[in-house]
Amino acid sequence: MKKLMVILLSIMMCLSLYGCQGVADAGDISGSNGNSTEKGDTETQAMTEGQQTESEHTDIANLISFEAQYIRTNGGYYVDINYPQVIVIRSKQELEKYYEVNRGIFDLERHDKVYSDTTIGFLDACDKYTEEYFENQILILVLVEHGSGSTRDEVQEIVDAGDGIVNIIIRSYSPEMCTCDMAEWHIFIEPEAGVDIQAEDILINGKSWIKK
């Protein structure tokens, strides 16, 4: 009888200990879930805030689609020329006039050969800008100068900033080892059809290109 009582007491103690352990484990899981939920909410909030910030920075509704050509046109190393320069072309005749006026300053001729460190010629790039092109599109020329021919530019965005202002975002990239030669470029920017803007109303990286 005593042995039976001892066995029953042992079983009851084991069950009691198991129950306490089970409650403790259940509390850990609850706490872990609580922390995970809180962390998840924080991460979601951070991601949402980041998406809102990015959306505000690059509002798709304000972006203007475009195509661009980058033509190296060395030659105009003059102290009285400030860079960048912006020219808006509205007809084939205006483009031809620009060539005639500036051919003595820049290398605006055709290139029979295209080497790894250069580009097609200015006139080669102009071939696509026919009378049909200018029927519903303008052409924006942006002149830039760099201290090295290794530097490259990329038009990343064109933003309608409102009030008749257009902001062109251009980023420049240089390798770790650069050549020590001056380089000038004509960037041909073709905004989407219907866009019409005056040169003085164009910003480059958020700043007026006109030197006062």
Side-chain angles (χ1 to χ4, degrees), residues 54-108 119-148 151-174 182-212:
E54 183 178 355
S55 176
E56 289 172 359
H57 178 65
T58 55
D59 191 342
I60 296 177
N62 294 336
L63 294 181
I64 298 172
S65 61
F66 66 93
E67 293 184 10
Q69 296 190 80
Y70 307 85
I71 310 301
R72 186 168 176 173
T73 53
N74 291 357
Y77 308 130
Y78 298 96
V79 295
D80 58 340
I81 298 181
N82 295 311
Y83 297 91
Q85 290 283 320
V86 178
I87 301 95
V88 174
I89 305 293
R90 291 184 170 80
S91 68
K92 184 177 179 180
Q93 289 72 25
E94 287 185 16
L95 187 57
E96 292 172 347
K97 182 178 180 181
Y98 179 85
Y99 164 77
E100 292 295 337
V101 171
N102 294 280
R103 61 186 298 188
I105 302 175
F106 304 100
D107 175 12
L108 303 183
T119 65
I120 62 174
F122 181 90
L123 286 181
D124 299 309
C126 289
D127 286 340
K128 67 182 297 186
Y129 305 116
T130 62
E131 293 288 1
E132 289 73 22
Y133 171 87
F134 287 108
E135 286 180 359
N136 56 7
Q137 279 185 270
I138 62 172
L139 176 65
I140 302 173
L141 297 181
V142 179
L143 284 67
V144 296
E145 182 180 80
H146 298 295
S148 171
T151 302
R152 293 293 183 268
D153 298 291
E154 180 186 0
V155 180
Q156 295 188 328
E157 291 179 348
I158 301 181
V159 183
D160 182 351
D163 297 327
I165 304 297
V166 167
N167 185 22
I168 300 177
I169 308 299
I170 303 176
R171 295 290 180 254
S172 300
Y173 304 92
S174 300
M182 296 291 292
E184 291 162 333
W185 297 75
H186 278 68
I187 304 177
F188 289 65
I189 301 175
E190 310 161 26
E192 63 187 59
V195 173
D196 193 7
I197 192 74
Q198 301 295 324
E200 57 268 26
D201 295 325
I202 294 176
L203 305 179
I204 302 297
N205 296 332
K207 298 180 180 180
S208 173
W209 60 273
I210 300 174
K211 304 297 186 292
K212 298 180 180 180

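From a predicted model like this one, the values you see are computed outputs, not experimental measurements. In this chain, numbering begins with 1 at the start of the sequence shown.
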Sidechain-backbone polar pair: Asn136 side chain, Ala193 backbone, donor-acceptor under 3.5 Å: no

Pair Met182-Glu145, side-chain contact (heavy atoms from CB on, under 4.5 Å): steps then yes or no: CA-CA 7 Å; Met182 296 291 292; Glu145 182 180 80; 3.5 Å; yes

Asp80 atom CG, over 12 foreign heavy atoms within 6.0 Å: yes

Worked verdict on Ser172 versus Arg152 for side-chain contact (heavy atoms from CB on, under 4.5 Å): CA-CA 6 Å; Ser172 300; Arg152 293 293 183 268; over 6 Å; no

Ser208 side-chain N/O to Leu203 backbone N/O, donor-acceptor pair under 3.5 Å: no

side-chain contact (heavy atoms from CB on, under 4.5 Å) partner of Ile202, the single match among Ile158, Ile189, Val88: Val88

Flag, side chain of Tyr133 to backbone of Ile138, donor-acceptor distance under 3.5 Å: yes

Side chain Asp160, main chain Gly162, donor-acceptor under 3.5 Å: yes

Which atom of Lys92 lies closest to which atom of Phe134, heavy atoms considered: N-CD1, 3.4 Å

Qualifying ring pair (Phe, Tyr, Trp, His ring centres under 6.0 Å) pairs, either residue in residues 184-212, two or more places apart: Tyr98-His186, Phe106-His186, Phe122-His186, Phe122-Phe188, Tyr129-Phe188

Stepwise side-chain contact (heavy atoms from CB on, under 4.5 Å) check, Glu157 with Arg171: CA-CA 10 Å; Glu157 291 179 348; Arg171 295 290 180 254; over 6 Å; no

Partners passing side chain to side chain contact (heavy atoms under 4.5 Å, CB included) against Ile120 (at least two apart in sequence or in another chain): Gln69, Ile71, Val114, Asp124, Ala125

Pair Ile187-Leu141, side-chain contact (heavy atoms from CB on, under 4.5 Å): steps then yes or no: CA-CA 6 Å; Ile187 304 177; Leu141 297 181; over 6 Å; no

Nearest non-hydrogen partners of Gly164 and Asp201, listed with the distance: O-CB, 3.4 Å

Distance-minimising heavy-atom pair for Ser148 and Ala183: O-CB, 3.9 Å

Residues, nucleotides or ligands: over 12 heavy atoms within 6.0 Å of Lys128 NZ: yes

Closest approach of Asn205 to Ile170 (non-hydrogen atoms, all atoms of both residues): OD1-N, 2.7 Å

Within 6.0 Å of NZ in Lys207, more than 12 heavy atoms from elsewhere: no

Check: Ser65 main-chain N/O paired with Glu192 side-chain donor or acceptor under 3.5 Å: yes

Flag side-chain contact, heavy atom, 4.5 Å: Leu63 against Val159: yes

Partners passing side chain to side chain contact (heavy atoms under 4.5 Å, CB included) against Glu154 (at least two apart in sequence or in another chain): Tyr70, Gln156, Tyr173

Close side-chain approach of Leu143 and Glu184, heavy atoms under 4.5 Å: no

Any donor-acceptor N/O pair, Glu94 side chain to Arg90 backbone, under 3.5 Å: yes

Closest approach of Asn167 to Gly206 (non-hydrogen atoms, all atoms of both residues): OD1-N, 2.8 Å

